[in-house]
Amino acid sequence: MKRLYTYIIVLCCLSFKMAGQENTAPAKEIIFTETKDLSLIMTLTKDSTLEFSYFGLKITDPSPFLKKTSYRRVDYGTEKLVYPAAGGRNFKEPALSITHANGDINTDLMYISHKRVTGMSDNVQQTEIVFRDRKLPLYVYMTIRAFWKENVITQSVKIKNDEDTTVVLHNFSSGYLPIKAQKYFLSTFSGAWAKEMTMEETQLTQGMKTIQSRKGVRTTLTENPSFVLSLDKPLSENEGHVIAGALAWSGNYILNFELDEFQILSIQGGMNPYSSEYFLKKGEELITPEMIFTYSSCGAGGASRNLHDWARNYVIYNARDIRPTLLNSWEGAYFNFNEKKLLKMIDDAHSLGLEMFVLDDGWFGNKYPRNDSNAGLGDWQVNKSKIPSGIEKLTDYALKKKLKFGLWIEPEMVNPQSELAMKHPEWITGTQGRPFTTIRNQYLLDLTNPEVQNFIFNTIDNILKSSPGISYLKWDANRHAESVGSTYLPEKEQSHFWIKYTQGLYHIYENIREKYPNIIIQSCSSGGGRVDFGIMKYTQEVWVSDNTDPRSRIFIQYGTNMIYPALVSGSHVSASPNHQTNNQTPLKFRFDLAMTGRLGMELQPENMSSEDIKFSKNAILTYKQIRDIIMEGDLYRILSPYNNHGYYALSYISKNKKRAVVFGFCFEFQGRTITPLLQLNGLNPYKNYKITELNTEQPTFWGDGLIFSGQYLINEGINPKLQKCYDSIVLLLEEIDETNN
Ligand code: GLA
């Protein structure tokens, strides 16, 4: 059994040199945290300051850190505090900033104690460190969790006020990590609606780079709370030292990367303090979400695989469940359907071999029917003229055909044209006397209010009680917050809105999970507006974008799967020309790309040719035979779509390396002079693999049916025929059992 270690090395023989103006005091103790390949080393100085000394590949004997001297003059400011607060000699962006009960704006945390929490699994070790302000009874409890096999370390804090009266928190980061390298290349994921998770690399210069959301909801539509940082040189896939990280929070977030004059980069992440002063009364606490870090010495690929393993093992709700393939009604029917049309779509989903039908927007509202986006949100009763026999009839019909049934809901929102808005105007977010506009014709409900939380829980509970045949919810959220104000929160605590909204959302999710542990939930928010490790604790999957064009999806899913594993990313085959981009692509290209995630379809099967139906049936059947490799295997990216002449290739390799599936795509024409060579890293070099081309009746790869050594596949690689724009290929690799030969 592997063990994790966090222990203190007590300084025996070091004498404390008076630092004067020259250097900081040597350490007296070490707090040492390990995973399989990493060490995180903190040192405690004689004056009870806890500093970060190291985060990187393993150093089994950390004792030199007891002697290490930094040569840095003390008047240059503190160097690597574990949790720097505003005040004293800290000149960096503070992790914590407080106005104390007596008006004092300085905080200087000293280490009080730490302990290892025992009784958890062998793979996880938790360390809790207690800090206290040197002068006032303000406490910070930091929790560090180390995940041995996954090489992931998480940080979060609890801030507790034991002062006489209320203190005000201005900054309250979850984690802080100061590191040292020669150069820093930061990749972040930004974009817009239908263009989410575009990956961009910047070399950091002295100063601060920030990624953040101030929108409250749809927080990941334009930037994602995650990053990949390459040390010393630009990011590459298979080699180089990389730190990757993310914040598990679905509300406003901020990640700061502050490079100082000593070339120290401080990475800091947490809930965004924007307009969020937090009043902590005597005895109260604020708990921050987890900041997640991993370190890889084999490039972006290693970092992604660490995060994917960790997310599958510790975050994603029911990560081991098979995700059903599905037909979603949105792009096939939009708001325009009746019972007959839906029953026909269920028939078609069944005959295609899909496993679930999902009824999207438009099924509810009677007085204000949801026939377009203008009305009905909030009135979650089935629309009697569209679906007179009710949802149960649809679920029964689907179940008889052994199809699961899913339903769309957008419970945080309300149209002004709805019975709910008229009955409960006080539940709508907004500040009295200030204009606040509708976005997509809708307002945001105030989830800080427990009555609203109950309303949402009861809405979902009633739907699931009255239609027990529902096994999937697509939980959407199509606007952000603005002119925020709550009739529930006290006047002096309006700035708590942003944090309490997200806490309210999680509270509802917790209640739903308690009562409905098996329901599958997809997190959607105008596409990829709620893609984060916070929501994934409650949901099995996310809708990464409303853009279903495979050409755009190549980039969106490439970025998404840098951080989040393929099993969470819903990926649908839709009609061509594509409804968002007008691009035309062959059905095979659309299927091949959609199969790199959780496969679904989102079109009107009625409009498909018999040839396309036949192709689809085969592809769906094939997907079911290989999806375990995609869901549970290791992702080895082969060619990035960003810098490979319009080629994109990736592979998933089963954990035992016996099966793999390789996907290759050409999305730009290159005059047939440049052809891609796919080197299949991750296979076992000492085994032989048989290659079978999938999703085609006429294989185009010369190696179809042949056996290759792992060494050949890794070192030489394969050269599939990807010549014309929208050529694509899927290959299954199976290890040959030598004993039978
Ligand atoms: C959002 C979602 C879509 C669809 C529509 C329905 O835009 O992202 O997938 O559900 O709402 O109105």
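All ligand and atom numbering here is 1-based and tracks the order in the structure. Because only heavy atoms are used, hydrogens play no part in the values below, and waters and symmetry mates are left out as well, while side chains stay in.
- When ring centroids are compared, F335 and W330 come within the 6.0 Å threshold.
- In this model, a donor atom of one side chain and an acceptor atom of the other lie less than 3.5 Å apart for N415 and R370.
- Ion pair D379/K367 not flagged as a salt bridge, since none of the NZ, NE, NH1 or NH2 atoms sits closer than 4.0 Å to an Asp/Glu carboxylate oxygen.
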Write out each pair where an N or O from ligand 1 and one from the protein are under 3.5 Å apart, with the distance.
| unit_1 | atom_1 | unit_2 | atom_2 | d |
| --- | --- | --- | --- | --- |
| ligand 1 | 7 (O) | D546 | OD2 | 2.9 |
| ligand 1 | 8 (O) | G527 | N | 3.0 |
| ligand 1 | 8 (O) | D546 | OD1 | 2.5 |
| ligand 1 | 8 (O) | D546 | OD2 | 3.1 |
| ligand 1 | 9 (O) | K474 | NZ | 2.7 |
| ligand 1 | 9 (O) | W543 | NE1 | 3.4 |
| ligand 1 | 9 (O) | D546 | OD1 | 3.2 |
| ligand 1 | 10 (O) | D360 | OD1 | 2.6 |
| ligand 1 | 10 (O) | D360 | OD2 | 3.3 |
| ligand 1 | 10 (O) | W408 | NE1 | 3.0 |
| ligand 1 | 10 (O) | K474 | NZ | 3.0 |
| ligand 1 | 10 (O) | D476 | OD2 | 3.4 |
| ligand 1 | 11 (O) | D476 | OD2 | 2.9 |
| ligand 1 | 11 (O) | N478 | ND2 | 3.3 |
| ligand 1 | 12 (O) | D361 | OD2 | 2.6 |
| ligand 1 | 12 (O) | R440 | NH1 | 2.9 |
| ligand 1 | 12 (O) | R440 | NH2 | 2.9 |

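- Applying the side chain to side chain contact (heavy atoms under 4.5 Å, CB included) rule to Y317 yields the partners R513, P517, Q540; only residues at least two apart in sequence or on another chain are considered.
- Evaluation of the ring-ring contact (aromatic ring centres under 6.0 Å, His included) rule for F615 yields F591 as partners, not counting sequence neighbours.
- With sequence neighbours excluded, no residue forms a ring-ring contact (aromatic ring centres under 6.0 Å, His included) with F189.
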